[in-house]
Amino acid sequence: MKPAPFKLCMPEEEQEILALLQSYGRDARILAGGQSLVPLMNMRIMQPQVLISLNRCTSLSYINAQGNGIAVGARTRQAEIEESEQIASRLSLLSKAMPYVGVRSSRNFGTVCGSLAHADPLAELPSVAAALDARFQLASVRGTREVSADEFYIGALTNCLEPDEMLRQVLFPALPPNSKSVFVEVSTRTHGFAVVGLAMCASIDSSAICRDVRLAAMGVSETTLRLRSAEAMLEGNTLSAELIDEVSRAATETMNPPHDIHADGNYRKRVACTLIKRALSEVVQR
């Protein structure tokens, strides 16, 4: 299929982008990599009247140290994150998740902020952002504001952006030097849609005591789900086999996963339980 007619704007400056968003509002959509937007347009599920391309605005392409974290701009490609030594050394969870994001050819075009803004409940990057306590910087002609992942994600394919706003950058706080991270998922096929996934990071001392534990699951809710009750059970405790079993069971008891053509809710709960055990066991082995 082909998309409905639309107007393409290709501004070179950030202020031009924001001015266009102010002018067109709900009729406009931001185009960066287009890996999610273009298929929806081809199927006419989405029919924006105006596309505002970021691809000539080079100032939005960066991976910069900022405070105690790393800021990623709206035009930064996923492949750049995958290849970044800075990301690998300071944000190992993000680095480990990148190979699961589509295929290499799509990561060459797709952007980190684009995937985050798309808010697909089966996408890897929103769960990683939640586990890393990322901060989302939203920009408009009115100024900028920052929100957390909990505030940014409202539901499936729905975020808190106002019609005149764009996701300008995401700030990932750097992990502590002794932090360990794990990303695991089960998918329909290699590089296919995920059924369930889990992003985890924690600091584990020599006595296997957990500190600063963060767990975020995908595929078990309308949006990425931070497993805060499981985090509280792990915090300050020794990571034993008994505790791993208890935490994995407790975390999945409160889940109400969706049913779709790939899996039903009960299967997703069983997989989530297994992935939590697998991630925690991997941390112990390290």
> In Å and rounded to the nearest 0.5 Å, what is the CZ to CD distance from Arg26 to Gln49?
Replying inline: 13.5 Å
>> With a sphere of 6.0 Å drawn around CD of Glu83, does it hold more than 12 non-hydrogen atoms of other residues, nucleotides or ligands?
In response: yes
>> If you define the side chain from C-beta out and look only at heavy atoms, does anything of Arg90 sit under 4.5 Å from Ile87?
In response: no
> So, Ser84 side chain and Gln86 main chain: donor-acceptor pair closer than 3.5 Å or not?
Replying inline: yes
> If only atom types and distance count, is the side chain of Ser248 paired as donor or acceptor with the main-chain N or O of Asp245 below 3.5 Å?
Replying inline: yes
> Counting only N and O atoms by type, is there a donor-acceptor contact under 3.5 Å from the side chain of Arg211 to the main-chain atoms of Ser179?
Replying inline: no
> Any link between Leu157 and Val101 through a network of hydrophobic side chains (Ile, Leu, Val, Met, Phe, Trp, Tyr) touching at under 4.5 Å?
Replying inline: no
>> I need the Asp120 CG to Thr223 OG1 distance, nearest 0.5 Å.
In response: 9.5 Å
> What heavy-atom pair brings Arg44 and Ala4 nearest, and what distance separates the two atoms?
Replying inline: NE-N, 3.6 Å
>> As a quick check of understanding, evaluate side chain to side chain contact (heavy atoms under 4.5 Å, CB included) for Leu138 and Cys160, giving each step before the final call.
In response: CA-CA 9 Å; Leu138 317 183; Cys160 74; 3.9 Å; yes
> Is Leu171 close to Gln137 at the side-chain level, that is, under 4.5 Å between some pair of heavy atoms?
Replying inline: no
> Would you say Val112 and Met218 are hydrophobically clustered, going by side-chain heavy atoms of ILVMFWY under 4.5 Å?
Replying inline: yes
> Can you tell me if Tyr24 uses its side chain to pair, donor with acceptor, with the backbone of Arg29 under 3.5 Å?
Replying inline: no
>> For the CE atom of Met10 and the CD1 atom of Ile52, what is their distance to the nearest 0.5 Å?
In response: 12.0 Å
>> To the nearest 0.5 Å, what is the distance between CG on Leu239 and OG on Ser207?
In response: 12.0 Å
>> Which heavy atom of Ser92 sits nearest to which heavy atom of Ser181, and what is that distance?
In response: OG-OG, 2.6 Å
>> Taking the side chain as everything from C-beta on, heavy atoms only, tell me whether Val195 gets closer than 4.5 Å to Tyr267.
In response: yes
>> In the structure I gave you, are the side-chain heavy atoms of Leu20 and Val50 within less than 4.5 Å of one another anywhere?
In response: no
> What pairs with Tyr100 under ring pair (Phe, Tyr, Trp, His ring centres under 6.0 Å), at least two apart in sequence or on another chain?
Replying inline: Phe183
> Under 3.5 Å, is there a donor-acceptor pair linking the side chains of Arg104 and Asn108?
Replying inline: yes
> When you look at Leu125 and Met98, which way does the side chain to side chain contact (heavy atoms under 4.5 Å, CB included) test go after all the steps?
Replying inline: CA-CA 8 Å; Leu125 293 180; Met98 289 312 304; 3.8 Å; yes
> Ignoring hydrogens and geometry, is there a side-chain-to-backbone donor-acceptor pair from Gln35 to Arg107 under 3.5 Å?
Replying inline: no
> Does one hydrophobic cluster hold both Val196 and Leu122, with members joined at side-chain heavy-atom distances below 4.5 Å?
Replying inline: no
> How far apart are the closest heavy atoms of Cys57 and Glu14, and which atoms are they?
Replying inline: SG-N, 3.6 Å
>> Tell me whether Val271 shares a hydrophobic cluster with Leu198, the cluster being built from Ile, Leu, Val, Met, Phe, Trp, Tyr side chains joined at under 4.5 Å.
In response: yes
> If every non-hydrogen atom of Arg268 is compared with every non-hydrogen atom of Ala263, which pair is closest and at what distance?
Replying inline: NH1-O, 3.0 Å
> Taking the side chain from Asp164 and the backbone from Ser140, do they hold a donor-acceptor pair closer than 3.5 Å?
Replying inline: no
> Below 4.5 Å, heavy atoms only, C-beta onward: do Met200 and Arg214 meet side chain to side chain?
Replying inline: no
> Out of curiosity, Arg226 CZ to Asp133 CG, how far, rounded to the nearest 0.5 Å?
Replying inline: 4.5 Å
> What pairs of residues pass the side chain to side chain donor-acceptor pair (under 3.5 Å) test when at least one of them lies in residues 53-67, not counting sequence neighbours?
Replying inline: Ser53-Asn55, Asn55-Arg77, Tyr62-Arg168, Tyr62-Gln169, Gln66-Gln169
>> Could you tell me if the side chain of Leu60 sits less than 4.5 Å from the side chain of Ile17, heavy atoms only?
In response: yes
> Where the side chain of Gln78 meets the backbone of Thr111, is there a donor-acceptor pair that is under 3.5 Å apart?
Replying inline: yes
> Looking only at heavy atoms, which two atoms of Ser36 and Pro39 are closest? And how far apart?
Replying inline: O-CD, 3.4 Å
>> Do Phe152 and Leu167 have side chains that approach each other closer than 4.5 Å (heavy atoms only, starting at C-beta)?
In response: yes
> In the single-linkage hydrophobic clustering (I, L, V, M, F, W, Y; side-chain heavy atoms under 4.5 Å), do Val72 and Ile30 co-cluster?
Replying inline: no
> Between Glu151 (side chain) and Ser148 (backbone), is there a donor-acceptor pair under 3.5 Å?
Replying inline: yes
